[in-house]
Amino acid sequence: YIDDFETTLFSENFKDPVEGYRKYIDIKSFIDFFIANELSFNVDGYRLSVFLHKQKDSDGGKLRMGPVWDFNLSIGNGWDCDIQNSTGFMYDYNERCGGTNFQIPFWWKRLLEDEAFVQELRCTWEDYRQDFLKTARVLDYLDQRAAYLTNAKDRNFIRWPILEVKVHFNFFLGDSYEQELNYIKEWLDFRLDWLDRNMFGYCGNLVARQDELEGIVFPNPAEDQVTFEFYLPEDSRVNLSLYDTHGRLITQLIDNALGRVGYLKQTF
């Protein structure tokens, strides 16, 4: 089953909604898995510590990711692969932190080449950010857990006096439990904001807008090549056509391509 899934995912027709990879996997579980491991920046999340299972045929029969586990080297804790940072994506571990025998399979990069998957990912992220992943709710949850563990925390550090002791893999070493807790809260606060600004995709109708955008064309006049530069106020589908002075279409330079918000510059 996994061979068939990987063969289809690797094929040219992998985006087909009926005969492509979607007939093999539960999309929501893959999206949730991606979000959980990227939010925590989990260095082992795609490689070493992965559970997955296949549903019974009577329950859909598809491959599901999860349950997630093993987050000790995440949320800014650890040295490997600069995981103390709160920027970047962990799915591209092979390029950023290669050289090990434990690489991430090609699945995730391939899935992110499918515009439909990316759009579902973005919409799911935005839905979660309005619900249980609201920054205030995440930070409040941490405070609640810390309050619940107050007595247990004291007993823990009596039994294992490591609060101000460097332990293997730890990145941050606080002078108190409160400092350790604040480090996690600050890290997650920044990480949530970074993912808001950098999560893939655009949640909404990707039908081309009819707005005419102001831009510049240079050099003018042009002979061998010409550059178009304009600003997109939001992620949009873009068409760029070249006409002659009689209004006849010469060529379609950009054909319904997805442009990210910001300045777009193309040379032809």
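Along the sequence shown, residues are numbered consecutively beginning with 1.
- Y21 pairs with exactly one of D114, T8, D16 by the side-chain hydrogen bond (donor to acceptor under 3.5 Å, both in side chains) rule, that one being D114.
- No continuous path of hydrophobic side-chain contacts links W160 to I158 [ILVMFWY only; heavy atoms under 4.5 Å].
- Under the 4.5 Å side-chain heavy-atom criterion for grouping Ile, Leu, Val, Met, Phe, Trp and Tyr, F102 is not connected to W69 through any hydrophobic cluster.
- By the 4.0 Å N-to-carboxylate-O rule, E126 lies too far from K134 to be salt-bridged with it.
- With N198 contributing its side chain and W194 its backbone, the two residues share a donor-acceptor pair below 3.5 Å.
- Ion pairing of D193 with R197 is present here, as a side-chain N (NZ or NE/NH1/NH2) and a carboxylate O approach within less than 4.0 Å.
- For the ring-ring contact (aromatic ring centres under 6.0 Å, His included) test, residues two or more places apart in sequence or in another chain that qualify with F132 are Y128.
- Taking the six-membered ring for Trp and the full ring otherwise, the centers of W108 and F33 sit less than 6.0 Å from each other.
- The shortest side-chain heavy-atom distance between V68 and F51 does not fall under the 4.5 Å cut-off.
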Using the salt bridge (Lys or Arg N to Asp or Glu O under 4.0 Å) rule, take E120 and K28 through it: C-alpha gap first, then chi angles, then the decisive distance, then the call.
-> CA-CA 9 Å; E120 289 183 57; K28 185 178 185 304; over 6 Å; no
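- Counted within 6.0 Å of NZ on K56, heavy atoms from surrounding residues, nucleotides or ligands total 12 or fewer; the atom is thus considered open.
- Grouping the Ile, Leu, Val, Met, Phe, Trp and Tyr side chains by contacts below 4.5 angstrom, directly or via other members, places F169 with I75.
- Remark: K54 is positioned above the aromatic ring of Y1, its terminal NZ or CZ atom under 6.0 angstrom from the ring centre and at most 45 degrees off the axis.
- Side-chain contact check for N77 and W187: no donor-acceptor pair (N or O, by modelled atom type) lies under 3.5 Å.
- Within the structure, every pair that satisfies the disulfide bond (SG atoms under 2.5 Å apart) test and touches residues 114-149, not counting sequence neighbours, is listed here: C123-C203.
- Here OH of Y177 is found 5.5 Å from CG of L149. Values are rounded to the nearest 0.5 Å.
- Here F5 contributes atom CZ and I25 contributes atom CD1; the two are 4.5 Å apart, rounded to the nearest 0.5 Å.
- The shortest heavy-atom contact between L192 and L39 is CD2-CD1, 3.5 Å.
- Crowding of F157 atom CZ: a count of heavy atoms from other residues, nucleotides or ligands under 6.0 Å exceeding 12.
- Atom CZ of residue F171 and atom CG of residue L173 lie 11.0 Å apart, to the nearest 0.5 angstrom.
- Looking at V50, D32, N37 one by one, the single match for side chain to side chain contact (heavy atoms under 4.5 Å, CB included) with M65 turns out to be V50.
- Under a hydrophobic clustering in which Ile, Leu, Val, Met, Phe, Trp and Tyr are joined whenever their side-chain heavy atoms come within less than 4.5 Å, directly or via other members, I162 and L73 fall into different clusters.
- Using a distance-only test at 3.5 Å, with no hydrogens or angles considered, no donor-acceptor pair links the side chain of N170 to the main chain of F172.
- In this structure a side-chain-to-backbone donor-acceptor pair under 3.5 Å is missing from K15 to A116.
- Proximity of the aromatic rings of W107 and Y46 is defined here by a centroid distance below 6.0 angstrom, and this criterion is not met.
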Apply side-chain contact (heavy atoms from CB on, under 4.5 Å) to F41 and F89, showing your working.
-> CA-CA 7 Å; F41 210 42; F89 287 98; 5.5 Å; no
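- How far CD of Q55 is from OG of S29: 7.5 Å, rounded to the nearest 0.5 Å.
- Between S74 and S40, the shortest heavy-atom contact is CB-O, 3.3 Å.
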side-chain contact (heavy atoms from CB on, under 4.5 Å) between L121 and I35, intermediate numbers included | CA-CA 8 Å; L121 170 63; I35 289 175; 3.9 Å; yes
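- Using modelled atom types, one finds a donor on one side chain and an acceptor on the other under 3.5 Å when comparing S49 with D70.
- R122 contributes a side-chain N or O that, together with a main-chain N or O of M199, makes up a donor-acceptor pair within less than 3.5 Å.
- Residues V18 and K23 fail the side-chain proximity criterion, which asks for heavy atoms closer than 4.5 Å.
- In this pair, Y91 and F200 present their aromatic rings perpendicular. The plane angle is above 60°, beyond the 30 to 60° band.
- Crowding of F10 atom CZ: a count of heavy atoms from other residues, nucleotides or ligands under 6.0 Å not exceeding 12.
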Evaluate the side-chain contact (heavy atoms from CB on, under 4.5 Å) criterion for residues I254 and F268: first the C-alpha distance (whole Å), next the side-chain angles of each, then the deciding distance (0.1 Å), finally the verdict.
-> CA-CA 10 Å; I254 301 178; F268 302 93; 4.0 Å; yes
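- Of the possible polar contacts, none joining the D26 side chain to the K62 backbone as a donor-acceptor pair under 3.5 Å is found.
- A side-chain donor from one of R129 and T135 sits under 3.5 Å from a side-chain acceptor of the other.
- Rounding to the nearest 0.5 Å places CD1 of I184 at 13.5 Å from CG of D189.
- The CZ atom of R155 sits 11.0 Å away from atom NZ of K153, with the distance rounded to the nearest 0.5 Å.
- Within the 3.5 Å criterion, the main-chain N or O of M90 finds a donor-acceptor partner in the side chain of E38.
- Relative to the ring axis of Y93, R47 places its NZ or CZ within 45° and under 6.0 Å from the centre.
- The shortest distance between side-chain heavy atoms of L133 and D127 does not fall below 4.5 Å.
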List the steps and the verdict of side-chain contact (heavy atoms from CB on, under 4.5 Å) for F34 and L112.
-> CA-CA 11 Å; F34 184 92; L112 291 171; 4.1 Å; yes
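- Looking at F117 and L111, their side chains come closer than 4.5 Å, going by heavy atoms from C-beta outward.
- The two atoms that bring L163 and E180 nearest to each other are O-OE2, 4.2 Å, heavy atoms only.
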Would you check, one step at a time, whether the test salt bridge (Lys or Arg N to Asp or Glu O under 4.0 Å) holds for E113 with R110?
-> CA-CA 5 Å; E113 293 177 17; R110 192 65 162 163; 2.8 Å; yes
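- Side chain of N182 to main chain of E178: a donor-acceptor pair is present (N/O by atom type, distance under 3.5 Å, no hydrogens or angles).
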